[in-house]
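Working notes, beginning with the structure itself.
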2 protein chains.
Amino acid sequence: MTQGCDNAVLAFAKHDHGHCTDDVLARADALSEERGVRLTPVRRRALEILLEAHRAMGAYEVLERLAAEGYGNKPPVAYRALEFLVEQGLAHRIRRLNAFAACMHPGETHAPAFFICRTCGAVAEAPAEAVRAAMEVAARALGFAIERMNAEALGLCPGCAEAAR
Amino acid sequence: MTQGCDNAVLAFAKHDHGHCTDDVLARADALSEERGVRLTPVRRRALEILLEAHRAMGAYEVLERLAAEGYGNKPPVAYRALEFLVEQGLAHRIRRLNAFAACMHPGETHAPAFFICRTCGAVAEAPAEAVRAAMEVAARALGFAIERMNAEALGLCPGCAEAAR
DNA sequence: ATATCTTATGTTATATCGTAACAGTCAAGA
DNA sequence: TCTTGACTGTTACGATATAACATAAGATAT
């Protein structure tokens, strides 16, 4: 685990990639074992695909990859694998993009916060306990019980902001 | 028209509805004037529809209403009107629901935070400056410049939580 | 006032995303 | 071994969204 994998991932900064991928996969295996759920071949492969791409991918894009490797080539194949990953906190769904991305720090309870560059499409997932906390405060005022949440921001990543000047 | 709110509500609490609708429309007119943008008939009507419904509505649902009143009945008619409203901060897009809802306090810069009841489907929009602030902090750490953001939480509204016990 | 430019509306056509429902498969326990 | 429940695969369809182009309505300049 070298550069930037621990902080803002799917990050804007370059970093050693093999490590964070292996790491996350190992943790995914461990978590599944622990929880008694099955990280089956399609599911694991779907996660690997997301990790390899290291960016947000549409379900059909993941499906294409899966199909090329002998798995089914109909939408439910991808959606089900991705749904499982999201349920287990191994991936996140980024609604603004109709896309999915591997979670870079699974296991830790966290409210995913995404920062999406509107120019280059890069997506960073940042830990955002403070965001979750703020949402909890607002929820309490409404008497609302939060079960899941996420926050998404659109804007310019450092690189594109630089280029724009 | 005081009690249309008890069903699917934009706020979980009951409240006088005629006032907030009229209020918001008046402010929408004023803001548009101020900004030199045109709140044309379709656009204004789309906003009224969202306000009347007082809940999140899909684009096709809005389209149906518009078409019934003599406006075009093809998707772009609704999508364009809604897009305008979102751009002007007069409505919000709730990605989790593929739906739109009128903004209940337009003009104020705010980060919309939505609380969506997974049982009854009601949606509350809460002011969430603290959420925005937390996102800004995280963004700064990444060198990311936020242009728009939103947060969505799924869970149980007070009524449904009560009923579930 | 009228020609011109810009913005908005409407339509056709199609792309993209997502799911319900059912059939076959496989692994694990009774 | 047989049943049971979870997983995979398929068909078929529904829902959501946009590109591209034609027409109409406002705004602007002369």
Side-chain angles (χ1 to χ4, degrees), chain A residues 28-29 32-33 35-50 56-88 90-101 116 118 121 152 154, chain B residues 28-29 32-33 35-50 56-88 90-101 116 118 121 152 154:
Chain A
D29 287 328
S32 299
E33 175 71 31
R35 293 174 183 164
V37 297
R38 294 165 56 198
L39 188 58
T40 60
V42 223
R43 293 168 174 177
R44 193 168 199 280
R45 192 69 197 103
L47 179 55
E48 282 173 24
I49 287 166
L50 289 179
M57 294 178 80
Y60 279 74
E61 205 178 344
V62 173
L63 176 60
E64 214 172 286
R65 297 284 313 273
L66 289 173
E69 299 175 25
Y71 295 103
N73 69 334
K74 302 300 159 52
V77 168
Y79 279 102
R80 284 196 289 231
L82 292 167
E83 183 188 23
F84 170 87
L85 296 175
V86 170
E87 254 164 27
Q88 295 302 318
L90 300 172
H92 296 297
R93 187 166 192 161
I94 302 170
R95 322 263 350 180
R96 184 157 222 137
L97 302 176
N98 293 325
F100 298 81
I116 306 163
R118 72 163 153 76
E152 300 177 9
L154 192 71
Chain B
D29 287 327
S32 299
E33 175 71 31
R35 292 172 185 164
V37 298
R38 294 165 56 199
L39 187 60
T40 60
V42 223
R43 291 167 175 176
R44 194 169 198 279
R45 193 70 196 103
L47 179 55
E48 283 172 22
I49 288 167
L50 290 180
M57 293 178 81
Y60 279 75
E61 205 178 346
V62 173
L63 177 59
E64 214 171 285
R65 297 283 314 273
L66 289 173
E69 299 175 25
Y71 297 102
N73 69 335
K74 303 298 160 52
V77 169
Y79 280 101
R80 283 196 292 231
L82 292 167
E83 182 188 27
F84 170 87
L85 295 175
V86 170
E87 254 164 27
Q88 296 301 318
L90 300 172
H92 296 298
R93 188 167 193 161
I94 302 170
R95 320 276 333 191
R96 183 157 221 136
L97 302 176
N98 293 323
F100 299 82
I116 306 163
R118 73 164 152 76
E152 299 178 8
L154 192 71

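What's counted below: heavy atoms across the whole structure, side chains too, no hydrogens, waters or symmetry copies. Letters A, B, ... are given to chains in the order of the sequence lines, protein chains preceding strands, and every chain is numbered from 1.
- In this structure, the CG atom of L82(B) is 12 Å from the P atom of dT9(C), given to the nearest Å.
- Rounded to an integer number of Å, the gap from R43(A) CZ to dG9(D) C1' is 14 Å.
- dA17(D) atom P lies 12 Å from atom CG of L63(B), rounded to whole Å.
- Taking atom CZ of R96(A) as the reference point, atom P of dC17(C) lies 16 Å away to the nearest angstrom.
- In this structure the side chain of L50(A) never reaches within 4.5 angstrom of the side chain of L90(A), judged on heavy atoms.
- In this structure P41(B) satisfies the side-chain contact (heavy atoms from CB on, under 4.5 Å) test together with Y71(B), sequence neighbours excluded.
- Side-chain N/O atoms of R95(B) include none lying less than 4.0 angstrom from OP1 or OP2 on dT16(D).
- In this structure, R35(A) has no salt bridge (Lys or Arg N to Asp or Glu O under 4.0 Å) partners at least two apart in sequence or on a different chain.
- Side chains of Y79(B) and Y60(B) form a contact here, defined as non-hydrogen atoms less than 4.5 Å apart.
- If you find the closest nucleotide of DNA chain C to F100(A) and to T40(B), the one lying nearer the 5' end belongs to T40(B).
- A straight line from CE of M57(B) to P of dT16(D) spans 12 Å, rounded to a whole angstrom.
- To the nearest angstrom, P of dT8(D) lies 11 Å from CG of L85(A).
- For dT10(D), one of the phosphate oxygens OP1 or OP2 lies less than 4.0 angstrom from a side-chain nitrogen or oxygen of N73(A).
- Rotation axes derived from the C1' atoms of the five outermost pairs at either end of the helix from dA1(C)-dT30(D) to dA30(C)-dT1(D) lie 30° apart, to the nearest 10°.
- Comparing Y71(B) and L97(A) by the nucleotide of DNA chain C that holds the closest heavy atom to each, the one mapping nearer the 5' end is Y71(B).
- Applying the side-chain hydrogen bond (donor to acceptor under 3.5 Å, both in side chains) rule to R118(A) yields the partners E147(B); only residues at least two apart in sequence or on another chain are considered.
- The side-chain hydrogen bond (donor to acceptor under 3.5 Å, both in side chains) test applied to R44(B) returns D29(B), E48(B), not counting sequence neighbours.
- Remark: E61(A) pairs with R55(A), M57(A) by the side-chain contact (heavy atoms from CB on, under 4.5 Å) rule, at least two apart or across chains.
- In this structure, V37(A) and F84(A) have side chains that are in contact, with non-hydrogen atoms separated by less than 4.5 Å.
- By the 4.5 Å heavy-atom criterion applied to side chains, L66(A) and N73(A) are not counted as neighbours.
- Close to dG18(C), at under 4.0 Å from its OP1 or OP2, lies a side-chain N or O of N98(A).
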How would nucleotides 19-30 of chain C be written as a contact map, 5' to 3', with B for base contact, S for sugar-phosphate-only contact and - for no contact, using protein heavy atoms under 4.0 Å? BBB---------
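- Taking atom CD on E69(B) and atom C1' on dG10(C), their separation rounds to 17 Å, with Å as the unit.
- At whole-Å resolution of the value, CD in E64(A) and P in dC17(C) are 11 Å apart.
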